[in-house]
Amino acid sequence: MQSDVFSSTASLHHYLNVANNNYKTYLQRSTVKVKIYLYAIKSLLACRWIEKFQTVPPIAILELLPMMDNKKAKWEVEQLLNRRNSEVGIELIEPIPVLNHYIKDECMRIKSYIQTVTEEQKNSTEKLDHLFRQTLKKVWTLNES
């Protein structure tokens, strides 16, 4: 059913907005949280996944990282992942210019790409209603036992 309800355009807009909002709100400060960098990068890599495969992207950033073609930015992300995995607590760091440039450029590229995407409107209401009713029946049956 996933392929019946997945919208690449809606997903691209979602992930682009996550990256753009994180960039504008947090990543231009004098110190930034590692996890905010990773959220922004992960969202942009999810856009690249959608652009290439037209499917729901994986959740794990490590599965998306091969989508990154900028070697310097990729190295910085790998360093952030290593730091995140080896240290406890919220870590504040100075902005990383290579990543900020990557995020800004990739946001602009994806915004332009979205303008070229054409997608057939899908009406999945009946399928989703059916799934919802099946789920309710299953839950009600479990509660009656």
Side-chain angles (χ1 to χ4, degrees), residues 1-136 138-139 142-143:
M1 179 181 290
Q2 190 176 62
S3 62
D4 294 333
V5 297
F6 176 73
S7 167
S8 60
T9 305
S11 297
L12 286 165
H13 279 287
H14 165 72
Y15 287 118
L16 176 60
N17 284 332
V18 169
N20 214 9
N21 289 338
N22 280 323
Y23 177 73
K24 288 178 178 178
T25 307
Y26 302 108
L27 297 178
Q28 296 182 49
R29 296 179 179 178
S30 60
T31 58
V32 297
K33 293 179 182 179
V34 169
K35 70 179 185 177
I36 300 297
Y37 263 126
L38 296 177
Y39 289 156
I41 296 293
K42 180 181 167 187
S43 297
L44 294 172
L45 294 176
C47 287
R48 281 188 169 254
W49 179 281
I50 295 165
E51 188 178 351
K52 183 173 183 179
F53 299 111
Q54 300 295 310
T55 62
V56 176
I59 294 171
I61 192 169
L62 288 175
E63 291 180 56
L64 293 167
L65 201 51
M67 303 298 296
M68 185 176 262
D69 56 3
N70 181 316
K71 291 180 181 174
K72 290 180 182 179
K74 186 175 185 177
W75 185 86
E76 292 289 354
V77 171
E78 289 167 346
Q79 300 311 303
L80 289 179
L81 289 168
N82 290 336
R83 289 173 94 165
R84 181 195 68 180
N85 294 337
S86 66
E87 297 180 20
V88 180
I90 299 171
E91 184 187 0
L92 290 173
I93 60 171
E94 290 184 16
I96 303 169
V98 170
L99 289 183
N100 281 13
H101 289 295
Y102 175 82
I103 292 167
K104 185 178 179 183
D105 292 348
E106 194 66 359
C107 282
M108 288 189 300
R109 188 193 69 76
I110 292 165
K111 186 176 180 180
S112 294
Y113 169 72
I114 290 172
Q115 303 300 318
T116 69
V117 175
T118 55
E119 186 174 51
E120 181 182 323
Q121 289 285 68
K122 301 175 188 175
N123 187 347
S124 305
T125 305
E126 286 185 36
K127 291 179 181 181
L128 292 171
D129 282 348
H130 179 71
L131 174 64
F132 181 65
R133 287 188 196 102
Q134 285 180 316
T135 304
L136 286 177
K138 197 178 280 185
V139 169
L142 290 174
N143 287 336

Carefully, step by step, assess Glu76 and Tyr102 under the rule side chain to side chain contact (heavy atoms under 4.5 Å, CB included).
-> CA-CA 11 Å; Glu76 292 289 354; Tyr102 175 82; over 6 Å; no
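Between Ile50 and Thr55, the shortest heavy-atom contact is CG1-O, 3.6 Å. For the residue pair Val56 and Trp49, the shortest heavy atom distance occurs at O-NE1, 3.4 Å. When all heavy atoms of Pro58 and Glu63 are compared, the closest pair comes out as CB-OE1, 3.4 Å. Nearest heavy atoms, Arg29 versus Pro95: O-CG, 3.0 Å.
Summarising the geometry, atom OH belonging to Tyr37 is positioned 6.0 Å from atom CD1 belonging to Ile103; distances are rounded to the nearest 0.5 Å. Distance CD1/Ile41 to CG/Leu80: 8.5 Å, rounded to 0.5 Å. Atom CD1 of Ile110 is separated from atom CD of Gln115 by 12.5 Å, given to the nearest 0.5 angstrom. Note: Ser43 OG to Arg48 CZ = 14.0 Å, rounded to the nearest 0.5 Å. Here the straight-line distance linking atom NZ of Lys111 with atom NE2 of His13 works out to 10.0 Å at 0.5 Å rounding. Here the CD atom belonging to Glu91 is positioned 4.0 Å from the CZ atom belonging to Arg83, to the nearest 0.5 angstrom.
Residues meeting the side-chain hydrogen bond (donor to acceptor under 3.5 Å, both in side chains) test with Asn22, sequence neighbours left out: none. Residues forming a salt bridge (Lys or Arg N to Asp or Glu O under 4.0 Å) with Arg109 (at least two apart in sequence, or on another chain): Glu51, Glu106.
At least one donor-acceptor pair closer than 3.5 Å links the side chain of Lys42 to the backbone N or O of Ile59. Between the side chain of Asn20 and the backbone N or O of Leu16, no donor-acceptor pair lies under 3.5 Å. Distance alone, capped at 3.5 Å, is enough to place a donor-acceptor pair between the Asn100 side chain and the Leu27 backbone. Side-chain N or O atoms of Ser112 include one that pairs as donor or acceptor with a backbone N or O of Met108 at under 3.5 Å. No donor-acceptor distance shorter than 3.5 angstrom exists from the side chain of Tyr23 to the backbone of Cys107, with no hydrogens or angles considered.
Surrounding OH of Tyr113 are more than 12 heavy atoms belonging to other residues, nucleotides or ligands, all under 6.0 Å away. By the 6.0 Å contact criterion, NZ on Lys74 is enclosed, its count of non-hydrogen atoms from other residues, nucleotides or ligands being greater than 12.
Using a 4.5 Å heavy-atom threshold, the side chains of Leu81 and Leu65 count as touching.
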